[in-house]
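Have a look at the structure below, then the notes.
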Protein chains: 2
Amino acid sequence: MAESDGLAPAQLETYFALMEAVSLLQHAVERQLRAEGDISYVQFQLLARLAHGEGSLTMTELADGVVYSRSGLTHQAGLLERAGLITRGPSPDDQRATLVTVTDAGRALVDRVLPGHVQVARRLLFEPLTDQDVRTLGDLMARVRTHVRSLPPRSATPRRRRDDDHRSRR
Amino acid sequence: MAESDGLAPAQLETYFALMEAVSLLQHAVERQLRAEGDISYVQFQLLARLAHGEGSLTMTELADGVVYSRSGLTHQAGLLERAGLITRGPSPDDQRATLVTVTDAGRALVDRVLPGHVQVARRLLFEPLTDQDVRTLGDLMARVRTHVRSLPPRSATPRRRRDDDHRSRR
DNA sequence: TATTGTTATACTCTATAACTATA
DNA sequence: TATAGTTATAGAGTATAACAATA
């Protein structure tokens, strides 16, 4: 198949099935987190990442993988800080950096919403899959994730635009 | 494993790999559609669904699978109509219904963005996968999609709330 | 000069509630 | 009474650009 050709039918079906299934899953997960913890999925990701590791990360480290713009992360961090779920302070290593730290309340919140979160994942995603399916899916998506991550300047707002040419064709 | 237990490690890894990989994919796809067609993924879905079928659907039919609230769909339809990509008119079958129809411009737009869209999917999603992997992934996600769809009142805004009890615990 | 992070701002998306009209 | 769709409105999320401080 030439580079400019479309996807094979099997690929198209796979693509749409993946996008739709995950959209529905995301929707359900957002609802659960909002209902039980009054946080968004992004906020959950940030808290979970902090709570899972040492407890502190710089803004840049925290942004990595959550794809946002810097200002978006600042905004979210502001919300989490006002809610008492994280604190922000200077980094000893780099005077420019801000060190973000989960509070006990932040950890408690993660602990509180995690069971329900996991339950949604189990009910929507894992119920129709065998253990073997889960391992297979995990393997495939891990490869995709690694691949996608390796491709573009993925972290927050690279200083330059990604396509300064041919913008707004309509 | 008891119902209230957490997920097995393999499940957790699978879940996070899936969510992150698809988030990155969605992000890339949104960017491509915005750059090449100045539309969102949701708008693309609506147009593609119309262009792919007979060309006309009622609002309710169109909403199905795109999960939105009715007002959200009305909003999107308004944007698409103002852009000349769809038209809205009365339905002959049901006087209450609005029949949405793709215009030629709408079809042309889908045709114009589809190659780039497909290219993003190929580059991010399919490049690290073998043909067999793609079939396997398609099979798994089709099952998940069917399962998720079968679960809750998935269409737009069911008149009643989904959990009138225990709201806002914090 | 490059990088970290914030601010100000504007825009998009989504959701709730109230409403109209048809069934 | 229930359903289809719209409107008004408000809130959350995201992004761009300009900026300050440090490397």
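Letters A, B, ... mirror the listed sequences (proteins, then strands); counts begin at 1. Just so it is clear, the model here is predicted, and its values are computed rather than measured. Computation of the quantities below employed the complete heavy-atom set of this structure, encompassing side-chain atoms and omitting hydrogens, waters and symmetry-equivalent molecules.
One finds a side-chain N or O of B:Arg34 lying less than 4.0 angstrom from the OP1 or OP2 phosphate oxygen of C:dC13. The phosphate of D:dA15 has OP1 or OP2 within less than 4.0 Å of a side-chain N or O from B:His27. Distances shorter than 4.0 Å separate none of the side-chain N or O atoms of B:Arg70 from OP1 or OP2 on D:dT6.
No hydrogens or angles were tested; on distance alone, nothing pairs the side chain of A:Thr98 with the base of C:dT6 as donor and acceptor under 3.5 Å. Side-chain to base pairing of A:Thr60 with C:dT3: no donor and acceptor N or O lie closer than 3.5 Å to each other.
A donor-acceptor distance shorter than 3.5 angstrom exists from the side chain of B:Gln32 to the backbone of B:Val113, with no hydrogens or angles considered. Side-chain atoms of B:Gln76 never come within 3.5 Å of backbone atoms of B:Leu46 as a donor-acceptor pair (strictly under, hydrogens ignored).
Residue whose closest nucleotide on DNA chain C sits further toward the 5' end, between A:Thr74 and A:Arg96: A:Arg96. The residue among A:Asp94 and A:His75 whose nearest nucleotide of DNA chain D is located toward the 5' end is A:His75.
One atom, CD of B:Gln45, and another, P of C:dC13, lie 13 Å apart when rounded to the nearest Å. What separates CD1 of B:Ile86 from C1' of D:dG5 is a distance of 13 Å, to the nearest Å. Spacing between atom CG of B:Leu79 and atom C1' of C:dT12 amounts to 9 Å, rounded to whole angstrom units.
B:His147 and A:Phe126 have their aromatic ring centers separated by at least 6.0 angstrom. Not less than 6.0 angstrom separates the ring centroid of B:His27 from the ring centroid of B:Tyr41.
At a non-hydrogen distance threshold of 4.0 Å, B:Thr58 from residues 50-58 of chain B come into contact with DNA chain D.
A:Val148 and B:Leu124 make their closest contact through CG2-O, 3.4 Å (heavy atoms, listed as atom of the first residue, atom of the second, distance).
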